[in-house]
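Notes follow the structure.
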Amino acid sequence: MKSLWLACCACAEYPQVQREIEARDAAARVLRLDRLDLLRGVVKAFSVPPTGVALYAWRAQGDLVLELLQALVCDCEAMHVMVLTDDLDPGWIAQLFHAGAEEIIAGDDNTGPHAAESAQACMGGNPRRADEQKRTDVEQEVEALPRNTKLAGNAMEACCEPAPQPPVHNDRTCCMGDAAADLDEPDSMAPAQGVQQPSGPLPWSMARGAAVHDQSVHRAPVVCAVAGRGGCGKTTVLATMACCAARLGLRTAVLDLDLMFGNVYELLGVEALHDLGILVGTAAGSLSEAAVVQASMRVAPRLTLWGPLAVPERAELVGSVIEPLLEVLRRESDVVLVDTSCTWTDAVAATVASCDRCLVVCDHEVGGPAAVERAVSMVKRLGVPRTRMVCVVNRLGQRACTEDAALRLEMAASLSAKTRIPDGGHAVSSLLSFGRADEVARAQDAFGRSVRSYTRSLLRELGCPVGLDHVDDEPMDEPRPRLHLPWKKAGGAL
């Protein structure tokens, strides 16, 4: 039986779309649509999903194309999604890959008089009925878009190119308004031995200027850590990454969504748990500053923690306020790190679905490959494309966690983005048992180096203000002393 492809494009773009489809499947049958809003309904109408979809995406269509790609990936995981685009801007290409496109192709330079008509027709309008002024505005917008000559060849290259982020002010005073003058943070980063009940604003202050409250100005990325089973070191990796992010100068918010039995606060050295349950009963969208501050635990300069619950059986009640709380944290911080539980609640699912990166942590123990495969499948069903997931192989180098075991885990995950965290040994577990996660993050061993290196690269990828010229305050490795052997000295019989 011949394969079926759907092509969504205007008549002017169809010859190129057809050539690209035939180059991949010479015997394919092609059904052409001229409107994006019809494409998803046609795909769902088939009892057997089509082999692939090829659409011509004009930059002027913007969010409509990105939403459609995410919906198509959720509806049919096995369907090949190919996008031809008129704009080779790396930021736009990265957005297309993040939305779920598997292949991006540079479209012909169709910026003539029919360009605006094609884009407007695919959005569901009738270009011939539109007034001439609107058509001229679209043409000028297409002409004014920046064009580059380099096109990302795959999803991995697009992930390395950071997606467009709202402007972040490096000037602390500019970001924080008058509250910056009141901050008095120590230079060193030491885990908290006891946390006093806060009575003022958040450590990085919620009292900002009106412009910063506008979400279009600042929206911090969210990084979630998930796993298919417990005991693989997910919480350890997240806690040390949080310490690294804070040491890099970012206002780091940590949210422990293992609401019943989470222990991130123990690894960070917090002795007095502040109950997240005080937010229960708060109407969605009306979280008060006092309540958010009262539920927070300031661990160290630029590092603050929320969760879990002091009364585990109230976990279902607090789920409705997690999303409003997350919006507050995204507005007030530079990066948000979220730890999850193995048994997912609605709050965990909603947070993972909206995250910018999902770290799928796994190790070599029995059932590891099957667990990571199930975790990736579940995250994808929530609408997170594979280009936003990262396979994190933990405890590499431990007994039985060899190179072959790591490869099996990465093959089970089938993700293009991956990293490996070496085993920290007894020293890491001993420090964490005393709440010394910051010392673990600063340690000059394989575990500490790998976590610091990956945290820095991930934050740059997400657009956080971590420059290449950032000088870390940790000591550098001392060079190995050279041995001066007496090989050139005159000897006896030798």
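For reference, positions follow the sequence shown, starting with 1.
When each of L305, L257, L259, D256 is tested with L276 by the rule side chain to side chain contact (heavy atoms under 4.5 Å, CB included), just one qualifies, namely L259. Just one of V30, L38, L39 meets the side chain to side chain contact (heavy atoms under 4.5 Å, CB included) condition when paired with L6; it is L39.
Residues E403 and R420 are paired through a salt bridge, judged by an N-O separation under 4.0 Å between the basic side chain and the carboxylate. Salt-bridge annotation for E327 and R331: absent, with no side-chain N of the basic residue lying under 4.0 Å from a carboxylate O of the acidic one. D356 and R388 are not joined by a salt bridge, as no carboxylate oxygen comes within less than 4.0 angstrom of a charged side-chain nitrogen.
Of the possible polar contacts, one joining the T240 side chain to the V237 backbone as a donor-acceptor pair under 3.5 Å is found. Checked by atom type and distance alone, the side chain of R302 never pairs as donor or acceptor with a backbone atom of T252 at under 3.5 Å. Side-chain atoms of N394 come within 3.5 Å of backbone N or O of C232 as a donor-acceptor pair.
Summarising the local packing, CD of E323 is surrounded by 12 or fewer heavy atoms from other residues, nucleotides or ligands at distances under 6.0 Å. Residue-environment remark: CG (D75) exceeds the threshold of 12 foreign heavy atoms within 6.0 Å.
Among residues two or more places apart in sequence or in another chain, the salt bridge (Lys or Arg N to Asp or Glu O under 4.0 Å) test is passed with D363 by R229, R395.
In this structure, the separation between CH2 on W306 and CG on L255 is 9.0 Å, given to the nearest 0.5 Å.
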